[in-house]
Amino acid sequence: MPQAYDPHAIEPKWQEQWEKDSLFKIPPASTRPAKYVLEMFPYPSGDIHMGHVRNYTIGDVYARYLHMNGYDVLHPIGWDAFGLPAENAAIKHNTQPAKWTFKNIETQKASFKRMGLSYDWDRTVITCKEDYYRWGQWFFLKMYEKGLAYRKSNPVNWCPSCKTVLANEQVEQGTCWRCHSVVERKELDQWYLKITDYAQELLDDLDQLDGWPERVKQMQANWIGRSEGAHVDFTLCDEQGEPTDTKITVFTTRADTLFGCSFFLLAPEHELVKSLIAGTPYEEACNEVIRIAEKTTAVERTMSDYEKHGAFTGRYVVNPVNGMKVPVWIADYVLTDYGTGAVMAVPSGDQRDFEFAKKYGLDIPPVIVEENDPLYEQLKDEKERVVSMVDWDQANAEPGIMVQSGEFTGMKGGKGSEGAAAVISWLEEHGCGEGTVNFRLRDWLVSRQRYWGNPIPMVYCDDCGIVPVNEEDLPITLPMDIDIAAGETLKDSKEFYECTCPKCGKPAHRETDTMDTFTCSSWYYMRYTDPHNDAAPFDSAKVNHYMPVDQYIGGIEHAILHLLYSRFWTKVARDLGMVDFDEPFTNLLCQGMVKDEHGETMSKSKGNVVSPEDVIANYGVDAARAYILFMAPPDKDLQWDDKGCAAMERFLKRVWNQVWTLAEEGGTSTDDSKDAKAFNRKLHQTIRKVTEDIARFNFNTALAAIMELSNATADYLKKPAEQRDQKLCAQVADTLVRLLSPYAPHWADELWTAALGNEGSVYQQQWPTYDEAQAAEDEVERAVMIGGKVRAKITTPADADEQAIIDAALEAVADRIAGKTVRKTIVAPTVVNVVAN
RNA sequence: GCCCGAGUGGCGGAAUGGCAGACGCGUCGGUCUCAAAAACCGAUGUCUUCGUGGCGUGUGAGUUCGAAUCUCACCUCGGGCACCA
C-alpha cells in the first residue's frame with residue numbers, strides 16, 4: 001500500500017535512525033579514498049538563520065554525493081565559541097558568557113540535527129573548551145620561541161564601544177567590524193603575530209589556489225599590497241643646516257622622480273619629530289599639527305575633501321642624488337605605519353604632495369614631462385634644476401621623459417621604468433639606498449582587552465621581565481567565576497592573575513589580555529582530523545591524511561580575515577614540521593546571501609527575517625534544503641520565496657507518488673516502443689547531467705534535470721500499467737531516489753525502504769552510473785540557418801554523414817536559395833548554416 | 001581615485017560561440033467537484049497584416065557563416081581597497 005508523503009513523520013524518524021547507526025562516523029581504517037568537506041563553523045549567537053541553512057546544506061549535499069561516489073568523507077562541525085557577543089549578552093542578562101554560549105550551542109546543535117546534516121558529531125570542536133584552547137596557547141608559545149609572537153608598543157586601533165584593540169583586518173572604513181563604532185588610535189603595548197614574515201609567500205601561493213574564487217584572491221592580494229620601490233637615505237642636517245651622521249630613510253615607488261623632491265615629510269607620530277622640534281621656534285606649530293592628527297579619526301581622514309595640515313620643523317635634509325637641501329615638514333597625510341613613516345615629497349608627480357606644496361607655497365619642480373608638453377623642448381637637455389615651479393593645476397603621475405635629473409635626464413620615467421631602475425642602481429652603488437619591496441600588510445595584533453577569550457600564556461616578572469609559561473604547565477585555564485556583569489576582569493581573579501615566575505619562581509602575574517578569536521578559528525579545521533588528542537594539537541599522520549580541506553564553504557565576509565589568518569597559521573604549522581602542506585583549503589566556495597522576497601537583507605530591525613524553524617515546520621526540511629539550492633547558483637545572492645518552497649514540497653510529493661507507482665508489480669518485459677526508448681534515454685541523460693552538475697556545484701540545474709526526468713516519468717505513466725516496461729520502471733524509481741537523496745535524505749531513505757523494499761540508508765549506496773550509448777540520441781534535430789536566421793528544421797539519424805545532412809538542409813530551404821549560389825555550408829552539432837548569395 | 005563582479009520574460013533563473021528563455025513560480029484555460037481547495041492536463045517573450053513574418057539578452061560599434069556568450073567604448077547597479085608615497 002502506497003504511503004502518503006508526510007515529512008514531519010519521516011524526518012525525525014530517520015534522524016534518530018542515523019544517529020543510532022552512527023551512519024556518518026568515519027571508519028578508522030578504510031580502503032576508500034578520503035575527502036574533506038568543511039563549512040565554516042558558526043558562532044553560537046542564538047539560533048541559526050537562513051544563511052546557515054544555505055551554507056550547511058551546500059556542504060551536506062556535496063558530502064553525501066561524495067560518499068555515494070566511494071569516498072570516506074570527513075564532514076565535521078563545531079563552534080567558534082569565544083568572543084565578545086557572549087560578554088555583552090552576559091552583561092545584559094546578568095549571566096556568564098560560558099552559560100550563554102553553551103546554551104546557544106545546544107540550540108544550534110538541535111537545529112543542525114533537525115536539518116539532517118551528515119556530521120560526525122564525535123568530532124565536535126568547541127573553541128572555548130580547555131581541551132581545544134590549550135593547544136592555541138601551545139601554538140602561541142611555539143610562535144614566541146620562533147620570534148613570530150612579540151610584544152611591542154605601537155599606535156593601535158581601539159574600539160571605544162567594544163573596549164578592546166582591533167587588528168587592521170578588523171577595521172572597516174575606519175569603523176569596528178563588529179559594532180561599527182568609529183575606531184580611535186591609541187599608543188599601547190600589545191602582542192603581535194608576525195604575519196608579515198609570510199607576506200611574499202601568502203601573495204605568491206594565491207597562484208596555487210585554482211579552486212578559489214578570483215575575487216577572493218584579488219582581495220587578499222590587494223590587502224597584502226606589495227609595492228616594488230626603493231629605500232633612499234636622506235642625511236639630516238643640524239639646526240645650523242650642517243649635515244650630521246643621522247640618516248632618515250624613505251620608501252618610494254618612484255625613484256625616477258628623486259630629482260623632483262622639493263621637501264621632506266615626516267608623519268606626526270614619527271619617533272624623530274619630538275627631538276627635532278624640542279625648544280625651537282617651530283615647536284608650537286608642529287605640536288598643533290600633531291594635536292590635529294591625534295584627534296582626527298580615520299573616517300575623517302579618508303574624506304576626499306579632507307584638508308592636509310603640516311608645519312615646518314626648522315630642519316633640512318640632503319637629497320643624496322643631487323645634494324640639494326630640502327626642508328623637513330611634518331604632515332598629517334603621511335602614514336606612520338606604512339613604509340618608514342617618512343616620505344620624500346615630489347609635488348610635480350604626486351597629487352597629495354602637489355596640494356600640500358600649493359597650500360604652503362613650496363617649490364614644484366618638474367622632472368617627468370611628456371614629449372608634447374611645452375616644457376619638454378625647454379628642459380629636455382637640462383641636467384640642473386632651472387625651473388622650480390610649474391603652472392599645472394594638478395600633479396602628473398603619468399610616464400614621461402626625465403628632465404632636470406642630472407645624468408638620468410632623457411631617460412624614460414614612470415612607475416617601474418628604466419629610469420627608476422637606473423636611479424636605484426646609482427643609489428646602491430653610492431651606498432645611499434637600495435631596491436626594496438614594501439607590503440601594506442601589517443603584523444597581526446592579537447591582544448584583546450577582554451575576558452571571554454583564550455588567555456595569552458605569558459607571565460610578567462619584576463626580575464625576569466616577560467616570561468613564557470612552561471609548555472607542561474598548559475593550559476592556562478580561563479576562570480569561570482568572573483562576574484563580568486559587575487565589571488570584573490581577569491585581574492580581579494587572584495587565582496588567575498597571581499602566579500610564580502616560570503624562570504625564577506618569585507611571585508609574578510599573568511598577562512590578562514586574551515587572544516583574538518580569530519586565532520581560535522585559524523586552525524580548528526586541523527583539529528577536526530584528530531579532535532581528542534591530548535598530547536598534541538593533532539597527529540601529523542592524521543592531519544596529513546585528511547588535509548588540505550578539499551572543499552571549504554562559507555561567507556565572503558571572511559575573504560580577508562579568517563582566510564588570510566588560516567593560510568598564515570598553516571604555513572607556521574608547516575615550518576614547525578607539523579604538517580606537510582602549504583595551503584589549508586584547496587577549493588573554496590563563497591555562498592551568496594539569503595535575502596527576503598524583495599531582495600532586501602534580512603534583519604531583525606527590518607522585521608523581515610524568515611526563520612528556519614518556521615520553514616521546516618511548514619514544508620519539512622527536505623523541501624527547504626532542496627529549495628534553497630534550487631533557487632539560485634550557490635555563490636549568488638538569492639531571494640527567499642515561500643511559494644517556491646511550497647512548490648518544492650509539492651515536487652517531492654509528486655516524485656514520491658511516482659516512485660510508489662513505478663515500483664508496483666506487473667507490467668511487461670517487452671516494451672521496446674519508441675516512448676520506452678526515449679524514457680530510458682532520458683534516464684541515462686539525467687544521471688549524466690546530475691552527476692556532472694553536482695560535481696561543479698550547479699545544484700540548481702541538477703535539480704532541474706531531475707524535474708525533467710520526473711516530467712518524462714509522468715508522460716510514461718500515462719501508458720496503461722500492463723504495457724509499461726517493468727524493469728525500466730524499477731530502474732527509474734531506484735535512480736530518482738538515489739539522485740535526490742543528497743538533497744532530500746529523509747525522503748529518500750523512507751522510499752528506499754518502504755517503497756523499494758531495501759535495507760539501510762541510501763547514504764550507503766553507490767551513486768547511479770549511466771551508459772553513454774544509452775544516453776545518446778538516435779536522431780538529431782538541426783536548425784537550418786541562412787544569414788544567422790532559422791529558416792527550417794531537419795531531423796537526421798545520429799550517424800548520418802555530413803553530406804547527407806547538407807543535402808537534407810539544402811532541400812529544406814530549396815525555395816529560399818533558388819537562383820542563388822551556395823558558397824558554404826557549415827554543419828555544427830545543432831545547426832546547419834547555409835551561406836548563399 | 002584604483003581593482004573586481006553583474007545587467008536575459010511579470011518573477012527566480014537556463015544557455016560560455018551554434019534553434020535565447022531549460023527548470024520552477026505566477027497568470028490564463030481545461031478535467032474532477034454542488035462548490036472550493038488539492039491533484040492532474042494544456043497554454044504562456046513581444047509585436048503581428050497570423051505569413052515558411054518582424055523584433056528581442058543595459059546602450060553603441062566591431063570580429064564571425066553565426067554573438068546573451070568574444071573585442072572596444074559607454075550607461076546602470078553591486079562589492080572590495082583607499083592620503084599606501
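Here is the naming used below: chain letters follow the sequence lines, and residue numbers restart at 1 for every chain.
Mapping A/Arg254 and A/Val835 onto RNA chain B via the closest heavy atom, the residue that lands nearer the 5' end is A/Val835. Between A/Asp815 and A/Gln639, the residue anchored closer to the 5' end of RNA chain B is A/Gln639, taking for each the nucleotide with the nearest heavy atom.
Taking atom P in both B/A38 and B/G29, the straight-line distance is 15 Å, to the nearest Å. Taking atom P in both B/U8 and B/C55, one finds a spacing of 22 Å when rounded to whole Å. Comparing B/A73 with B/C81, their P atoms sit 26 Å apart, to the nearest whole Å. B/G18 and B/A67 have their C1' atoms separated by 10 Å, with the value rounded to a whole Å. Comparing the P positions of B/A35 and B/A68 gives an interatomic distance of 50 Å, to the nearest angstrom. Distance noted for atom C1' between B/C75 and B/G66: 28 Å (whole Å). On the P atoms, B/G5 is 27 Å away from B/U64, given to the nearest whole Å. B/G62 and B/U48 have their C1' atoms separated by 32 Å, with the value rounded to a whole Å.
Within the structure, side-chain hydrogen bond (donor to acceptor under 3.5 Å, both in side chains) contacts touching residues 256-268 of chain A (residues at least two apart or in different chains) are A/Arg254-A/Asp256.
The CZ atom of A/Arg782 sits 8.0 Å away from the OG1 atom of A/Thr830 when rounded to the nearest 0.5 Å.
For A/Phe356, the ring pair (Phe, Tyr, Trp, His ring centres under 6.0 Å) test picks out A/Phe263, A/Trp329, A/Tyr333, A/Tyr360, with sequence neighbours left out. In terms of the ring pair (Phe, Tyr, Trp, His ring centres under 6.0 Å) criterion, residue partners of A/Phe518 (sequence neighbours excluded) are, by chain and number, A/Trp177, A/Tyr565.
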*Treat a base pair as Watson-Crick or G-U wobble with both distances under 3.5 Å, then lay out RNA chain B in dot-bracket form, 5' to 3', with | for cross-strand pairs.*
(((((((..(((.....[....)))((((((.......))))))(((.....)))..(((((..]....))))))))))))....
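Within 4.0 Å (heavy atoms only), A/Ser227 reaches sugar-phosphate atoms of the nucleic acid but no base atom. Nucleic acid contact class of A/Arg442 (heavy atoms, under 4.0 Å, all strands): base. Residue A/Lys718 is classed as a sugar-phosphate contact, given heavy-atom separations below 4.0 Å to backbone atoms only.
When only modelled atom types and interatomic distance are considered, A/Thr701 and A/Asp693 share a side-chain donor-acceptor pair under 3.5 Å. Counting only N and O atoms by type, the side chains of A/Gln658 and A/Ser710 include a donor and acceptor under 3.5 Å apart.
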I'd like a table of atom pairs between the protein and nucleotides 77-81 of chain B - only N or O on both sides, under 3.5 Å - with the distance next to each one.
from, atom 1, to, atom 2, distance (Å)
B/C81, O3', A/Arg440, NH1, 3.2

Could you run down the sub-3.5 Å N/O contacts of the protein with nucleotides 14-24 of chain B?
from, atom 1, to, atom 2, distance (Å)
B/A14, OP1, A/Asn700, ND2, 3.0
B/G18, O2', A/Thr830, OG1, 2.3
B/G18, N2, A/Asn833, ND2, 2.7
B/C19, O2, A/Lys793, NZ, 2.7
B/C19, N3, A/Glu781, OE1, 3.4
B/C19, N4, A/Glu781, OE1, 2.7
B/A22, O2', A/Glu708, OE2, 3.0
B/G24, OP1, A/Asn711, ND2, 3.4

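No donor-acceptor pair closer than 3.5 Å links the side chain of A/Arg226 to the backbone N or O of A/Phe439. Between the side chain of A/Asp443 and the backbone N or O of A/Ile195 there is at least one donor-acceptor pair closer than 3.5 Å.
Checked against the 6.0 Å centroid threshold, A/Trp640 and A/Tyr627 count as a close aromatic pair.
A close approach under 4.0 Å does not occur between any side-chain nitrogen or oxygen of A/Tyr333 and OP1 or OP2 of B/A85.
Shown here is A/Glu811, whose CD atom has no more than 12 heavy atoms of other residues, nucleotides or ligands within 6.0 Å.
Ion pairing between A/Asp675 and A/Lys719 holds under the 4.0 Å rule for side-chain N and carboxylate O.
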